Undergrad: 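I am attaching a structure below and will ask some questions about it afterwards.
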Amino acid sequence: MVADLLTWIFLLAGSVLGITGAWGLMTFPDFYARVHAVSIADTLCAACFILGLVFQAGWSLVTIKLLIVLTLLWITSPTSSHALVRAAYRAGLRAMTHGNKQSSEVQS
Amino acid sequence: MMSLGIAVVALLVVMLFALIRALAGPKIYDRVLAVNMFGTKTVLLIAVYGFLTERPDFLDLSIFYALINFIGVIAVLKFIERIEEYDEVEEQ
Amino acid sequence: MYLILLGIGLSGFWLLLSGFWSNSLLLFLGLASTLFSLYISWRIRRQYRLYSDWSLILRFPAYLHWLLIEVFKANIAVVKNIWFPRHYPISPTVKRLPMSQKSKLGKTIYANSITLTPGTVSFDIKDDGVLVHAIVEEAIVELMDGEMNQRVSKLEQRK
């Protein structure tokens, strides 16, 4: 019973965080800002989903597999977003910063 | 299980948003970012769906998908970098 | 030594993932795949020698615990930025931060931790500086205080 309740809480939290990330992906004005929205969805949202499923699975091999999925996601997602941002930066896409409100592309 | 069903629906909504951004994204990097997020959500969707149908074997697929998604994103980025270098050489 | 430890780790990983403990044909195939992975990692290690201080693994859980709390706090901050852009306006900032780690592995851990924390993402690493993009200025200020930097440096130092 307690496990079911915890599953509810974690899955709902994960869903809300995921939709938040997606909404940020839609509304943020700039590519570099969108990366942050996606990083919410990749870190805490994924962790909430996996934890919710762990409470459903109990102690078995399935739990270990779930934790392996989570570890993989937490290692690969910063790596791929770093690679993405670095590629955009190398290609000359400049970030919109505080002072200048226009995201300007500089030919490098 | 109610909660698993709600989670599946929420994940599908998130994936819909990601697809919209992938179609709309002004820069190609926005598209890759959206596809990356789509992939991560697919991993979670496979895991949750496996629990929904009470077949936890699906988790193997989701581990596999996480690896393939990562490699795919890196490969696409390499490809884009190559094309841009090639374009610069062409312009010169 | 390295290969033996990696071999034990890989065999354990195979057993956990497959869940087959008794079928001898499958066990033989698992052994074969473990040996193949060992050969590949030996070949990689011959070219790129990263780091070989095993005590880092013992110190890692404490750092991970601290990092998880930071990730949680940062998540809440960015969620506020997304839902209430009026009250918590975004102010994107780019800044080069110094990093005091010596080894490649330490630098990698630091940059990856920055990227894992929502609200900050590292985009370029040169010699001893990392270029960071943050969605609000406060995040950069917090990173400049250098708590994460010091913790990673402490993590990589041999005691």
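It should be emphasised that the depicted structure is a prediction, and the values quoted were computed from it without experimental measurement. Numbered from 1 within each chain, the chains take letters A, B, ... in sequence-line order.
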Undergrad: What part of A:L44 gets closer than 4.5 Å to chain C, counting heavy atoms only: side chain, backbone, both or neither?
TA: both
Undergrad: Taking the side chain as everything from C-beta on, heavy atoms only, tell me whether A:I40 gets closer than 4.5 Å to C:I82.
TA: yes
Undergrad: For a 4.5 angstrom cut-off between non-hydrogen side-chain atoms, does A:C48 reach A:L17?
TA: yes
Undergrad: Show, in sequence, the C-alpha distance, side-chain angles and deciding distance for A:T7 and A:Q56, and conclude whether the side chain to side chain donor-acceptor pair (under 3.5 Å) test is met.
TA: CA-CA 6 Å; A:T7 306; A:Q56 208 44 226; 3.1 Å; yes
Undergrad: Check each atom of C:V71 against the heavy atoms of chain A and say whether the ones under 4.5 Å are side chain, backbone, both or neither.
TA: side chain
Undergrad: Quick one: of C:L68, C:T115, C:T117, who has the most non-hydrogen atom pairs under 4.5 Å with chain A?
TA: C:T115
Undergrad: Applying salt bridge (Lys or Arg N to Asp or Glu O under 4.0 Å), name anything that partners C:K80, two or more places apart in sequence or on another chain.
TA: none
Undergrad: Against chain A, label C:S113 side chain, backbone, both or neither, depending on which of its atoms sit under 4.5 Å from a heavy atom there.
TA: neither
Undergrad: Relative to chain C, which segment of A:I68 carries a heavy atom at a distance below 4.5 Å: side chain, backbone, both, or neither?
TA: side chain
Undergrad: So for C:I114, is it side chain, backbone, both, or neither that comes closer than 4.5 Å to the heavy atoms of chain A?
TA: neither
Undergrad: For residues 18-25 of chain A, which side-chain N or O atoms pair as donor and acceptor with protein atoms under 3.5 Å away, sequence neighbours left out?
TA:
residue: A:T20; atom: OG1; partner: A:V16; partner atom: O; Å: 2.6
residue: A:T20; atom: OG1; partner: C:W83; partner atom: NE1; Å: 3.0

Undergrad: Relative to chain A, which segment of C:A134 carries a heavy atom at a distance below 4.5 Å: side chain, backbone, both, or neither?
TA: backbone
Undergrad: When only pairs under 4.5 Å are counted, which of A:T43, A:I64, A:V35 shares the most heavy-atom pairs with chain C?
TA: A:T43
Undergrad: Out of A:H82, A:R86, A:H36, which one pairs with C:V121 under the side-chain contact (heavy atoms from CB on, under 4.5 Å) rule?
TA: A:H36
